[in-house]
Amino acid sequence: MKKEFAVIGLGRFGGSICRALSEEGMEVLAIDIDEDKVNEFANIASHAVVADTTDEAVLKSLGIRNFDHVIVAIGDNIQASILTTLMLKELGVKHITVKAQNDYHEKVLSKIGADYIVHPERDMGKRIAHHIISNNVLDYLELSDEHSIVEIAANGNIAGHSIMELDIRAKYGINIVAIKRNKEIIVSPQANEVIQSGDILIVIGADTDINRFEKKAL
Ligand code: ATP
Ligand code: ATP
Ligand code: CA
């Protein structure tokens, strides 16, 4: 059975989620309080409705509890975002993703039981900052305050050497979980795998260790 999604708030963030889900062939109900926004999505989403989601009766009449996943992408109106999330939770929606506007908003959302809280501006900002500080870091995923998974471009200093020769785990305490080579991906590479120039290493470890590896080995 096809999964059914509902996106509440069709600003840049919610709108982009709505488009991407629709392009993937998903059933999407697009909801906004603003009629112009809804009209914009009438031909993109499976259904598009004008509704104020802070009104419980409205949420019930939309049958919102039957959706597999509801995304709350109301931005500036934090009160509306919180109220909507609270009612979705009370109505028994199984998966709720909410965009947080700031840290306080995030705290409240996690208290009322939002399943996934995203902070796109903050996270994208961090990601881009990492990218511009280090020439070799292509992308990163924060696992905790101190641990990450990072994509690092291999350069001439390590190309031509095997993982064993470089002794990466012993010297830096980090693990190479995969190597991207052209269109290929080598998952859990063996110690005798020779790094080639142009390889992208996906490494996991403590941020301090990953930094050390970037500075010393590359
Ligand atoms: P983005 O950064 O993603 O563009 P934003 O931070 O600018 O979004 P807003 O424009 O404040 O966020 O909100 C996103 C959408 O949520 C708007 O189109 C707005 O009309 C809609 N919205 C706000 N309140 C409600 C509500 N109570 N019910 C339904 N939709 C709402
Ligand atoms: P975000 O989505 O990243 O939270 P936003 O969409 O709300 O940002 P704006 O409010 O338009 O974006 O602008 C972000 C910041 O840029 C604000 O702090 C604002 O004061 C500042 N800003 C806007 N215009 C100018 C300008 N011409 N010169 C300097 N700062 C500006
Ligand atoms: Ca914004």
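None of these values were measured; they are calculated from a predicted model. For ligands, and for the atoms within them, numbers begin at 1 and follow the listed sequence.
- Between H95 and H69, the ring planes lie tilted relative to each other; the angle falls in the 30° to 60° range.
- Shown in contact with G9 at under 4.0 Å from a heavy atom are these atoms of ligand 1, numbered in order with element: 15 (C), 16 (O), 21 (C).
- Which parts of ligand 1 touch A51 is read off a 4.0 Å heavy-atom cut-off, strictly below it: atoms 28 (N), 29 (C).
- Under the side-chain hydrogen bond (donor to acceptor under 3.5 Å, both in side chains) test applied with K126, the options E142, E121, H119 reduce to a single match, E142.
- Considering backbone and side-chain N/O atoms, I74 never comes within less than 3.5 Å of an N/O atom of ligand 1.
- Smallest separation of non-hydrogen atoms from L59 and T53: CD1-O, 3.5 Å.
- Note on residues 155-173: no pairs pass salt bridge (Lys or Arg N to Asp or Glu O under 4.0 Å), not counting sequence neighbours.
- The nearest pair of heavy atoms linking F41 to R19 is CZ-NH2, 3.7 Å.
- Taking each heavy atom of L91 and R65 in turn, the nearest pair found is O-CB, 3.5 Å.
- Taking all heavy atoms of D34, D52, N77, D32 into account, the minimum distance to atom 19 (C) of ligand 1 is reached by D32.
- Both the backbone and the side chain of D76 come within contact range of ligand 1, each with a heavy atom under 4.0 Å.
- Proximity to T54 (heavy-atom distance under 4.0 Å) selects the following atoms of ligand 1: 27 (N).
- Using a 4.0 Å cut-off to heavy atoms of K99, the atoms of ligand 1 that qualify are 1 (P), 2 (O), 3 (O), 6 (O), 8 (O).
- With hydrogens and angles ignored, the 3.5 Å screen pairs no side-chain donor or acceptor of N175 with any backbone N or O of V177.
- Of the N or O atoms in A73, none lie within a sub-3.5 Å distance of an N or O in ligand 1.
- Of all atoms in ligand 1, listed by their number and element, those nearer than 4.0 Å to a heavy atom of L10 are 15 (C), 18 (O).
- Under 4.0 Å from ligand 1, heavy atoms of R12 appear from its side chain as well as its backbone.
- The atoms of ligand 1 that sit less than 4.0 Å from any heavy atom of F13 are 1 (P), 3 (O).
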Under the side-chain hydrogen bond (donor to acceptor under 3.5 Å, both in side chains) rule, what do S148 and D207 come out as? Steps first, then yes or no, please.
CA-CA 6 Å; S148 307; D207 295 337; 2.6 Å; yes
